[in-house]
Amino acid sequence: MYPLIFRITSRYLLPIFLLFSLIVLYQGHNAPGGGFIGGLLAATAFIMSALAYGGKTARKKLKFNPATLVMLGLLTAVFSGILSLLKGDPFLTGLWIHIHLPLIGELHLGTPLLFDLGIFLTVIGITLWISFGLLEENE
Amino acid sequence: MFSIYLMLIFFLLTPLVSPLFKFFKEKANWVLAVFPALFFISMMMMIPTIQYGPKIISLQWVPSIGVNLDFVFDGLSILFALLVSGIGILIFIYAGSYLKNHPLISRFYVFLFIFMASMLGLVLSDNIILLFIFWEATSISSYLLIGFDHENPEARKAALKALLITGLGGLSLMAGLILLGSITGSYTISGMNPVTANSPLYGLTLFLILLGAFTKSAQFPFHFWLPGAMKAPTPVSAYLHSATMVKAGVFLLMRLNPILGGTADWHLWVTLAGTTTMLTGSVLTLGQKDMKGLLASTTIIALGILVTLIGLSTSLAAKAALVFLLVHSLYKGSLFLVVGIIDHETGTRDITKLHSLTWVLPFSAFSAVLAAFSMSGFPPLLGFISKELLYEAKIQAPSAGEIILITGFLANAVNVTVAALIAIKPFLGRKKKISHHIHEVPFSLWLAPFLMAVAGLLFGFFSDSLGRLIISPALAVIHAEPTVVKLKMWHGVNEVFLLSVITVLTGIIFYFLYPQFIRMAGKLSRLRRFSISTIYERFLTGFQKFSYRVTVFLQNGRLRYYLMSVLIAMILLVLLFIFPFSEIEWKLEITDIYFFDLALVVLILIAAALVLFTSSRLTAIVALGIIGYGVALIYALYGAPDLAITQLLIETLIVILFALVIFRLPNFRSFSGKLTRWRDAFIALASGAVVTILTLKAGSLQFHPNISGYFLEKSYREAYGKNVVNVILVDFRALDTLGEITVLTVAAIGVFALLKLKRKQK
């Protein structure tokens, strides 16, 4: 069921995929990418791992329950919107801080990024929730 | 301002209830009771301010459609808020002991919290849309509370009944309030001018709003949900179904009296509903054996009395209604909680089986007697003043006084009987007869009924300041003319006093005849077939059967038929609604075709053909994947990289998910006949054609000026993002995205439930 080559490669691919998904998440504001795509990428990585090692091992690697990830994601997204309420602006208004870093340059951090992180987590959670469920059905 | 934030924070506090229980264990109820107590104190501190007129606080919410967090502090809202939070404190303490060691106790407190906060929001709202939102929140939280014992099918049924009836009223109320808003041109009650009966929409508005208020306050013919709601744990019955929620309808009538009231229609319908309800409640009460049932039907009587008084529209009647409202909440809450204690200790609520309880439950006995005195209207309790006012108001009724007076007399006599039944019957008897298993209850249980009963006594002593500080400002809200309320205990021997005496005597005669009533009720129980409750249940069963048939027809469990009905519906809707708009532009601009485009199209076509003609599922899925990748590449070629990446990833996942599922499916075995295939082909081609035409048409339709220019312009300058697609998703249209991920979550929960269900069946 779990071929050796696939197992070995997936072990090394998993962290690379995850790192890549984070990059995609961050660069989404200025280049193709974003929370949705990043989330799908990360989820694919874990599904690959699940196909190689089985659902249980993949769940262990994920460390979080997918349902927890979903709720965490939704909460993050809602929280990013509430921040602007505290300032007196309508729900989900973007708030930004600009930091000048030596070497790296200017860094824009804002609530839309946090919102995107929420989407990222939700998408990972939902995809894995469903696919782990289906996968374990077969095992 | 502090109190408004406090009320809103109540909603946010609910997730903390469970940890509080883990931390404080059995003392958590005392900690939780601090919150209503804080609110109560903040309301008390408002009392001096409202003597000079209402105070309005407004926070912006959705100003574009006139929905704001407008709250008003005046006599009426303060009176209700004090009742809700004050009784809330006691209920919070009581319920902790009552449900001690219940596994779901923290859930109970969450529901109770939501209910209390919604009720406070309801009575403090000045904006009618806000009021409606809180109104519905009380319906929903009450549904959860009635059905708290959710493993009991009776409780579930009762909860559903309450929800359907109050929900029906809620819909009607919404329509009525919107009409009211558009007639008066204002969505805040303080900004409304009175609507005269000449207004063309007055009748309809009145009907819709009254329907809402009557369902909530259990007026005939909607009274039947209230006795069912007694399936809830007793603290809930005491809090929601006697002291607070059912009074929401009464509150609404009081609040809208200056705007809609005073007309002949108002007078007729409100009084009629109230009087009928009083009568129904009186008939329903006599002959019951269950103590909770007895109290529930007297609540119907009380609501009838309140509504009748509001219908009378005189200043005196309004005053009587306000005092009676307060008195009733106190004595009914107290009696309910005493019944809860008795039930808790003896395991029965049957009035014929209980006796001698004074010896073991002295505090409950004392509270019950005191509350019962208030209920029957003995001096020097507030109940006496209230009953004098009731009679006075009814004698001075502008019309149909006799009928109202006689019904009111019967209702009050029945109240006396029930008071005697609850306060005398279970407590009298010799000490020896009592079982050894019954013990005195802890302080936290007897405190709440005790304090409520004592409050009824204290208000009797201090009726003067009560009238001046709270009832006067509240009356000023219901009746615009300024009146100074003086509550007096002793008016001398006049016709009202004589009427009171006769009422008590009749009540006592009823008490001694009660065994006869019980026997009669047993004989008449066959008549239950014709009751409104039975009609409701028949209707519900019939409706369920009908829905079942419709569902079985539309969702027969075969995916291909689901797909078929979705596609046919889409074709028909598009043909019917979108096509008549304008002509289709058939002009296709065929620009230079590159080799890549052509190759992709050919690839997609080949894959599509493969899907159609292969006899292996796996091949079909892979071929479908190729189609998806082809489309993704087309996106990439035409400059939509975000879309292309998403499509690629989704296709990959779909193929994997499909591959996981097909393990479980059998091989293609039975092939469809020729006719079926032609039918399917026709539907497939038709939907393909419709989508193609729609796509072509989409380019030529332009309802609004193009928005993409705006997005392109603002994206980098104001949202600091160069990827406009992403900026739209997470900033410009973030609310839509939030909705989408929420929908996704709901769908995932559905899938999870289905998978779990299947695993269970194995």
Side-chain angles (χ1 to χ4, degrees), chain A residues 24 27-41 43-44 47-48 50-51 66-67 70-71 73-74 77-78 80-81 88 90-94 96 98 106 108-119 121-123 125-138, chain B residues 12 59-64 636 640-646 648-650 652-653 656-664 715-716 718-727 729-738 740-742 744-756 758-759 762:
Chain A
V24 167
Q27 74 162 21
H29 220 57
N30 292 312
F36 195 74
I37 296 173
L40 284 176
L41 260 174
T44 317
I47 291 176
M48 182 175 65
L51 286 175
V70 175
M71 297 312 154
L74 277 180
V78 172
S80 78
F91 185 55
L92 283 170
T93 311
W96 292 92
H98 311 280
E106 200 167 1
H108 300 291
L109 289 176
T111 51
L113 211 62
L114 199 62
F115 184 80
D116 223 5
L117 180 71
I119 302 177
L121 292 174
T122 315
V123 169
I126 290 171
T127 317
L128 291 181
W129 202 0
I130 296 175
S131 27
F132 281 174
L134 285 171
L135 203 76
E136 277 154 16
E137 186 81 347
N138 293 328
Chain B
L12 300 175
L59 300 172
Q60 279 209 340
W61 187 17
V62 198
S64 47
D642 280 287
L643 213 53
I645 299 172
T646 314
L648 272 175
L649 286 166
I650 288 284
T652 314
L653 282 174
I656 294 174
L657 288 180
F658 258 133
L660 289 175
V661 176
I662 55 159
F663 272 124
R664 327 231 15 119
S715 181
Y716 189 65
E718 289 184 16
Y720 309 104
K722 285 180 199 150
N723 180 356
V724 185
V725 177
N726 191 266
V727 171
L729 281 177
V730 299
D731 199 340
F732 293 142
R733 294 236 166 241
L735 194 62
D736 292 357
T737 314
L738 188 63
E740 276 157 27
I741 54 177
T742 314
L744 268 177
T745 309
V746 174
I749 293 172
V751 174
F752 176 70
L754 279 176
L755 286 173
K756 209 176 167 187
K758 227 185 132 204
R759 213 168 293 160
K762 274 185 213 161

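So you know, we letter chains A, B, ... as the sequences are listed, proteins then strands, and number each from 1.
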Can you measure from CG (Leu755(B)) to CD1 (Ile130(A)) and round to the nearest 0.5 angstrom?
8.5 Å
Please find the pair of heavy atoms, one from Trp129(A) and one from Ile749(B), that lie closest to each other, and give the distance.
CH2-CG1, 3.5 Å
Measuring only between side-chain heavy atoms, which start at C-beta, is Phe91(A) closer than 4.5 Å to Leu738(B)?
yes
Interatomic distance, CG@Asn726(B) vs NE2@His29(A), rounded to 0.5 Å, equals 6.5 Å
Residues that Leu653(B) engages under side chain to side chain contact (heavy atoms under 4.5 Å, CB included), provided they are two or more places apart
Leu40(A), Thr44(A), Ile47(A), Thr127(A)
With respect to chain A, which residue among Pro641(B), Ala734(B), Ala644(B) yields the maximal number of heavy-atom pairs within a distance under 4.5 Å?
Ala734(B)
Go through the structure and list residues passing side chain to side chain contact (heavy atoms under 4.5 Å, CB included) with Leu114(A), not counting sequence neighbours.
Thr76(A), Phe79(A), Ser80(A), Leu83(A), Leu117(A)
Any donor-acceptor pair under 3.5 Å from Asp642(B) side chain to Pro32(A) backbone:
no
Leu649(B) side, atom CG; Leu41(A) side, atom CG - distance, nearest 0.5 Å:
5.0 Å
Distance (rounded to the nearest 0.5 Å) between Ile741(B) CD1 and Phe36(A) CZ:
10.5 Å
Which atoms of Leu643(B) come close to chain A, meaning under 4.5 Å heavy atom to heavy atom: side chain ones, backbone ones, both, or neither?
neither
Decide side chain to side chain contact (heavy atoms under 4.5 Å, CB included) for Leu134(A) and Val751(B); before the verdict, give the C-alpha distance in whole Å, the side-chain angles of both, and the deciding distance to 0.1 Å.
CA-CA 9 Å; Leu134(A) 285 171; Val751(B) 174; 5.6 Å; no
Interatomic distance, CG@Asp731(B) vs CH2@Trp96(A), rounded to 0.5 Å, equals 7.0 Å
Thr745(B) versus Met71(A): any side-chain heavy-atom pair under 4.5 Å?
yes
Under a 3.5 Å distance rule, please check whether Asn723(B) uses its side chain to pair with a backbone N or O of Asn30(A) as donor and acceptor.
no
Contacting moiety of Thr122(A), where chain B heavy atoms sit under 4.5 Å:
side chain
